[in-house]
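Here the structure is laid out as structure tokens; the discussion comes afterwards.
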Amino acid sequence: MSVDFSWSPRPADWRDALRIAVPLYRWAPWFAAALGVLGVVVLVMDMTWAGVFGLVLAVIIIALVPVGTAVNFHNHPLAAKAVTGTADAHSLRMSVGEAARSELNWAELPGWVETARGFVLRTGTTAVYAVPHRAFADAEAVEEFRSLLVEHVGPAS
């Protein structure tokens, strides 16, 4: 079984990968919510400046994740270039034109997660790969890719 895929990356793909790999991105909405609630409580206690400060910080924390990801995405020289790939019983291969190529044996992937947008593949290093569902020709190809991951890497973590 072999699965081919290709896609043009979007900032949301990176955001998915960062939420899985970087705790700061994963916990930012919770920190912002707690700070926002605290800001409202302090406002109700009639401490206007402290309450406004807490609410402003909550908004900044919420905005940092998508804005920071978009800025990093647009500043990366390969980020928006089309990616093509193939997965089979031996490995996962991806390339960005002639600029970059990766071949990962399944043993090099200790884990993976499926999000609403796609698959986030973890490597033994800090690298992560986001492969969106839209990269595949149809739902059957998505299922074949998922089956390869389960067979060679293990269940989603």
Side-chain angles (χ1 to χ4, degrees), residues 1-38 54 57-157:
M1 166 175 36
S2 176
V3 180
D4 295 325
F5 50 93
S6 65
W7 78 96
S8 292
R10 298 178 187 158
D13 302 333
W14 276 34
R15 199 167 32 253
D16 253 9
L18 289 171
R19 280 190 181 133
I20 298 301
V22 180
L24 175 67
Y25 279 81
R26 186 173 41 250
W27 292 102
W30 293 102
F31 291 138
L35 199 53
V37 167
L38 185 62
L57 284 179
V59 169
I60 289 171
I61 290 170
I62 286 292
L64 280 178
V65 172
V67 170
T69 303
V71 167
N72 288 336
F73 180 84
H74 292 294
N75 288 337
H76 193 283
L78 299 177
K81 299 199 185 278
V83 178
T84 59
T86 302
D88 59 26
H90 305 290
S91 65
L92 170 71
R93 294 169 300 285
M94 291 189 284
S95 65
V96 181
E98 296 297 319
R101 294 181 187 274
S102 294
E103 180 167 0
L104 296 167
N105 292 322
W106 293 115
E108 295 177 66
L109 294 173
W112 63 282
V113 175
E114 186 169 4
T115 67
R117 276 187 175 43
F119 302 95
V120 178
L121 312 175
R122 299 179 192 183
T123 66
T125 64
T126 58
V128 292
Y129 295 92
V131 181
H133 290 138
R134 70 178 185 283
F136 301 94
D138 53 29
E140 184 178 310
V142 171
E143 185 56 41
E144 287 177 18
F145 187 73
R146 186 181 298 114
S147 295
L148 283 168
L149 288 170
V150 169
E151 180 181 341
H152 298 287
V153 180
S157 52

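Predicted model only: the values in this text are computed from it and were never measured.
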Which heavy atom of [X] sits nearest a heavy atom of [Y], and at what distance?
| X | Y | answer |
| --- | --- | --- |
| L104 | Y129 | CD1-CE1, 3.3 Å |
| H152 | A89 | CE1-O, 3.3 Å |
| A87 | L92 | CB-CD1, 3.9 Å |

If you measure from [atom1] on [X] to [atom2] on [Y], what distance do you get to the nearest 0.5 Å?
| X | Y | atom1 | atom2 | result |
| --- | --- | --- | --- | --- |
| I60 | I62 | CD1 | CD1 | 11.5 Å |
| S8 | R134 | OG | CZ | 7.5 Å |
| S6 | M94 | OG | CE | 12.5 Å |
| L109 | R122 | CG | CZ | 11.5 Å |

Does W7 reach the main-chain N or O of F136 with its side chain, forming a donor-acceptor pair under 3.5 Å?
no

Exam field: side chain N105 to backbone A107, donor-acceptor pair closer than 3.5 Å
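Side chain of N105 to backbone of A107: no pair is present.
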
Could you pull out all residues at least two apart from A130 that satisfy side chain to side chain contact (heavy atoms under 4.5 Å, CB included)?
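If we apply the side chain to side chain contact (heavy atoms under 4.5 Å, CB included) test to A130, skipping adjacent residues, the hits are D13, A17.
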
Using a distance-only test with no angle check, is there a side-chain donor-acceptor pair under 3.5 angstrom linking R93 and S91?
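Yes, because at least one side-chain N or O of R93 sits under 3.5 Å from a partner of the opposite role on S91.
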
Is it true that D4 and T86 share a donor-acceptor pair across their side chains at a distance under 3.5 Å?
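Present: a donor and an acceptor within the cut-off.
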
Under 30°, 30 to 60°, or over 60°: which ring-plane class applies to F5 and F145, parallel, tilted or perpendicular?
perpendicular

What pairs of donor and acceptor atoms, side-chain ones from residues 21-37 against any protein atom, are under 3.5 angstrom apart with sequence neighbours left out?
residue	atom	partner	partner atom	Å
R26	NH1	R19	O	3.0
R26	NH1	I20	O	2.7

Which pairs with one or both residues in residues 109-118 pass side chain to side chain donor-acceptor pair (under 3.5 Å), sequence neighbours excluded?
D16-T115, E114-H133, E114-R146

